Amino acid sequence: MGKISRQAAASLRAFSNLPFLRCSAPLRKCTRARLYFSIIARSSCLKSFCALSGRSSARSRARAQAPAGGLAILGLFIVPPRSPAGHRRGGAHSDAPAILWRGRPGKSRPPPPAPVCPGRAFALQSVFERGETMGWTTVKQLFADPQRLLGQELEVRGWIRTQRQSKNLAFIELNDGSCFRNLQVVYGDELANFAEATRYPLGSALRVRGRLVPSPAAGQPFELKAGTIEAVGLSALDYPLQKKRHSFEFMRTIPHLRARSNTFMAVFRVRSLAAFAIHKFFQERGFVHVHTPIITGSDCEGAGEMFRVTTLDAKQPPLDERGAVDFRQDFFGRETGLTVSGQLNVEGFCLAFNRVYTFGPTFRAENSNTQRHASEFWMIEPEIAFADLGDNMRLAEEMLKFVIGFILEEAPQEMEFFNRFIDPALLQRLRLVLDADFERLTYTRAVELLQKADAPFQFPPEWGRDLQTEHERYLCEKVFRKPLFVTDYPKEIKAFYMRLNDDGRTVAAMDLLVPDVGEIIGGSQREERHEVLQRRIAEMGLKPEDYQWYLDLRRFGGVPHAGFGLGFERAVMYLTGMENIRDVIPYPRTPKSAEF
RNA sequence: UCCUCAGUAGCUCAAUGGCAGAGCGGAUGGCUGUUAACCAUUAGGUUGGGGGUUCAAGUCCCUCCUGAGGAGCCA
């Protein structure tokens, strides 16, 4: 969903810019799903919004076989602009929508009426068919099938990564964002604007028409011999990215531009693919995605400091009888903040859908200044019913392996790049993880191992104290050298909702540690016994009235259930070898830093 | 929040308390196949802010700001 610009809608090519283009890959793969697609236009330029929804049922799956081209759109509705008076008048509107039907083999349908705008409709279908642009060729397409395109006249659009020139010959490395690789554009002084073009600064946006030819020099298999080069948007001379390696620290000062560099283009494409892989993993296994609230009154047992959400006047807040800030007068009538976890909320849905997960932003107002902490990050929290800690760990392991496998498959160039320039052991390590079983170790055993270890720890390991980072690193990086689950921690150092083990002094918790990144997952089996949970709430000094609804879940058909939280950015760090969380978040928010 | 280190040209970094420099980038010119092209010329500075010591401070001291690394908290 998203807005369509006036300019974009004005041409057929507009549709290549639509956000739902992102859906093209999954659409192609779910060729048997029945999809319903609609565009609602409020004005003549399709400015308002569009919506995409997918539906499937056993019956429709049985009969809706998409054509070979991979087209998954079965019905396309284009609704003409409504009169201003027609707005917000619920139900069916008087303008009958024009309906185009296409690609429904073996099923008789009413003959299609004349389309409102045949050009638009056609463009839409084509976009979905090819998942690509209209009117020009992407660099991705060139590398996918150079043999077919060699010798052809074509057009590319992108930005200058670097440019080199001699007296009457020049080269441009053009990147159009469609893939990691650049296209080399070569042009000579027969070009009308040769001299001018050689002075286009780095970062300029170009439209280049020319012929795709084999490259006579090493370094690239083919290149575009330009016939015309048109500057769509010239870059100013103070474009900060140069033809050299920049420090990550400097790149953090220009987050709006850094995606135009190799490293960050690779990072953020992998981030996108990893997010998709996680949804794919869960959706294919029958998990229901739950959008837990972002504004909440619950602090989830103190998982972290909350950012306050308020409309009260910060300078002169209303006070209650005791002189404290009177949140009864605040917007929600109580003290609220940004979520630190959706776990408690999603547990309710778990006891309805059985398998659920959240995937959304999380906010922690901790003053944490490390490579692995951000104030705003994304978290995945699956929750499974009729399940114990062992099921939970199997799920975590399977999920992580799935995501690794998916990324290795879908982003080979990016991964090759990381392996070469960021972390030379990356690919080997990830491939090893795919084949290896994750290690499992109880906290008690971990402490024993650490106490016997021949390593100079600053903090001597002791049962009952939480493991220090140095302990975790030692176990994960020195002893096992692969992902490691540490389970069954002392109840005193873990949250109230974790299930009390039979020994009465540990809880069914698990942390997954991975080399170099540290804790990437924290989870547990939840306490499903009402009395035990009540007792734990009291023991931890929490207010029972705050957790009434949560206790309810144990009264109304409660079952053993378990879940975990995966820090999405930490997973991306692990996948890419990037060492700082600020470099895997598009616009990172950390203490004292929320610019852009 | 605590500990450590750093802040000098657009970027990366030099400069024993004694004339503020280099490479890259920019501009200009040269070069017919470049790959972070190459060659020449050239412009570019309130040394993070404030205060102090000194004949003299980029350098020493105090303080604040910002960044990085580590710790804690966690994902």
Side-chain angles (χ1 to χ4, degrees), chain A residues 161-173 182 184-190 194-195 198-199 201-203 213-220 223 225 235-254 261-262 300-305 340-343 358 361-381 396 421 458-459 465-473 493-495 511-514 517-523 564-574 579-583 590-593 595:
Chain A
R161 274 290 175 80
T162 165
Q163 158 134 247
R164 298 174 286 273
Q165 72 256 184
S166 51
K167 189 178 181 184
N168 36 28
L169 189 68
F171 303 89
I172 290 173
E173 296 270 337
N182 301 326
Q184 175 161 287
V185 174
V186 56
Y187 61 104
D189 55 3
E190 70 277 6
F194 174 82
T198 60
R199 285 197 296 273
L202 303 195
V213 297
S215 178
Q220 58 284 317
E223 62 193 16
K225 177 76 178 154
S235 189
L237 292 178
D238 56 351
Y239 183 64
L241 295 175
Q242 301 172 2
K243 285 192 257 190
K244 66 170 208 169
R245 201 183 150 77
H246 288 291
S247 68
F248 290 149
E249 286 89 342
F250 172 65
M251 293 301 243
R252 278 172 217 149
T253 67
I254 48 166
S261 67
N262 286 334
C300 280
E301 102 293 334
E305 286 296 309
V340 293
S341 165
Q343 181 208 313
T358 72
T362 309
F363 308 88
R364 305 263 169 102
E366 305 272 304
N367 194 0
S368 298
N369 292 289
T370 80
Q371 293 174 305
R372 344 186 276 288
H373 289 86
S375 311
E376 177 182 295
F377 63 99
W378 285 59
M379 190 154 64
I380 297 105
E381 296 173 292
F421 292 105
Q458 197 185 344
F459 299 91
R465 301 256 296 270
D466 210 352
L467 298 180
Q468 302 287 313
T469 299
E470 57 177 348
H471 303 148
E472 294 179 348
R473 293 189 78 113
I493 59 174
K494 287 291 180 184
D511 284 356
L512 178 64
L513 312 175
V514 296
V517 175
E519 184 180 343
I520 195 170
I521 281 176
F564 61 83
L566 165 72
F568 180 57
E569 282 78 6
R570 291 188 182 175
V572 175
M573 289 164 74
Y574 187 58
E579 289 181 341
N580 195 310
I581 197 167
R582 299 165 188 121
D583 296 329
T590 50
K592 298 276 182 290
S593 172
E595 220 186 332

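Everything numeric here is computed off the predicted structure, so don't read it as measured data. Every chain is numbered from 1, with letters handed out A, B, ... down the list of sequences. All heavy atoms count here, side chains included; hydrogens, waters and symmetry mates do not.
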A.B. asks: Return the nearest nucleotide to the side chain of A:Gln220; candidates are B:U35, B:C74, B:C11.
C.D. replies: B:U35

A.B. asks: Could you tell me whether A:Glu190 atom CD has more than 12 heavy atoms of other residues or ligands within 6.0 Å of it?
C.D. replies: yes

A.B. asks: Could you please name the option among B:A75, B:A36, B:U1 that lies closest to any side-chain atom of A:Asn367?
C.D. replies: B:U1

A.B. asks: Just wondering, are more than 12 heavy atoms of other shown residues or ligands nearer than 6.0 Å to CD in A:Glu376?
C.D. replies: yes

A.B. asks: Does A:Arg164 make a side-chain N or O approach to OP1 or OP2 of B:A37 shorter than 4.0 Å?
C.D. replies: yes

A.B. asks: Of all the nucleotides listed (B:C73, B:U35, B:A37), which has the minimum atom distance to the side chain of A:Thr370?
C.D. replies: B:C73

A.B. asks: Taking CG from A:Leu513 and P from B:C74, how many angstroms apart are they, rounded to a whole number?
C.D. replies: 14 Å

A.B. asks: What's the closest nucleotide to the side chain of A:His373 if the choices are B:U32, B:U35, B:C74?
C.D. replies: B:C74

A.B. asks: A:Arg245 CZ to B:U12 P: how many Å, rounded?
C.D. replies: 12 Å

A.B. asks: Looking at the side chain of A:Ser215, which of B:U34, B:C73, B:A36 is the nearest nucleotide?
C.D. replies: B:U34

A.B. asks: Restricting to nitrogen or oxygen on both sides, can you table the protein-nucleotides 66-68 of chain B pairs closer than 3.5 Å?
C.D. replies:
residue, atom, partner, partner atom, Å
B:A68, OP1, A:Arg252, NH1, 2.9
B:A68, OP1, A:Arg582, NH1, 3.3

A.B. asks: For nucleotides 2-8 of chain B, read 5' to 3', which letter fits each nucleotide if B means a protein heavy atom sits under 4.0 Å from the base, S means only the sugar-phosphate is that close, and - means neither?
C.D. replies: -------

A.B. asks: Whole angstroms only, please: what is the OH-C1' distance between A:Tyr239 and B:G26?
C.D. replies: 15 Å

A.B. asks: Answer with base, sugar-phosphate or nothing: what part of the nucleic acid does A:Glu223 contact at a heavy-atom distance below 4.0 Å?
C.D. replies: base

A.B. asks: Would you mind telling me which of B:C74, B:G72, B:A36 lies closest to the side-chain atoms of A:Thr469?
C.D. replies: B:G72

A.B. asks: Which sits closer to the 5' end of RNA chain B, A:Gly565 or A:Arg473, going by the nucleotide each is nearest to?
C.D. replies: A:Arg473

A.B. asks: Please state how far atom CD1 in A:Ile520 lies from atom C1' in B:C74, giving the value in whole angstrom units.
C.D. replies: 13 Å

A.B. asks: Looking only at atom types and distance, does a side-chain atom of A:Gln184 sit under 3.5 Å from a main-chain N or O of A:Gln220, one as donor and one as acceptor?
C.D. replies: no

A.B. asks: Using the criterion of both pairing distances under 3.5 Å for Watson-Crick and G-U wobble pairs, give all stems of 3 or more consecutive pairs involving RNA chain B.
C.D. replies: B:1-7 with B:65-71, B:10-13 with B:21-24, B:26-30 with B:38-42, B:48-52 with B:60-64

A.B. asks: Quick check: on RNA chain B, is the nucleotide nearest A:Ser247 upstream (toward 5') of the one nearest A:Pro216, or the reverse? Name the residue that is more 5'.
C.D. replies: A:Ser247

A.B. asks: Round to a whole Å and report the spacing from CD1 of A:Ile581 to C1' of B:C74.
C.D. replies: 10 Å

A.B. asks: Heavy atoms from C-beta onward define the side chain here; which of B:C73, B:C11, B:G33 lies closest to that of A:Phe171?
C.D. replies: B:G33

A.B. asks: Closest to the A:Leu237 side chain: B:C74, B:A37, B:A27?
C.D. replies: B:A27

A.B. asks: Kindly say if A:Thr253 contacts the phosphate of B:C11, meaning a side-chain N or O under 4.0 Å from OP1 or OP2.
C.D. replies: no

A.B. asks: Return the nearest nucleotide to the side chain of A:Lys244; candidates are B:A37, B:G23, B:G33.
C.D. replies: B:G23

A.B. asks: Rounded to the Å, how far apart are A:Lys225 NZ and B:U32 P?
C.D. replies: 15 Å

A.B. asks: What is the separation between atom CD on A:Gln165 and atom C1' on B:A36, rounded to the nearest whole Å?
C.D. replies: 14 Å

A.B. asks: Could you give the CD-to-C1' distance, from A:Glu305 to B:A75, as a whole number of Å?
C.D. replies: 16 Å

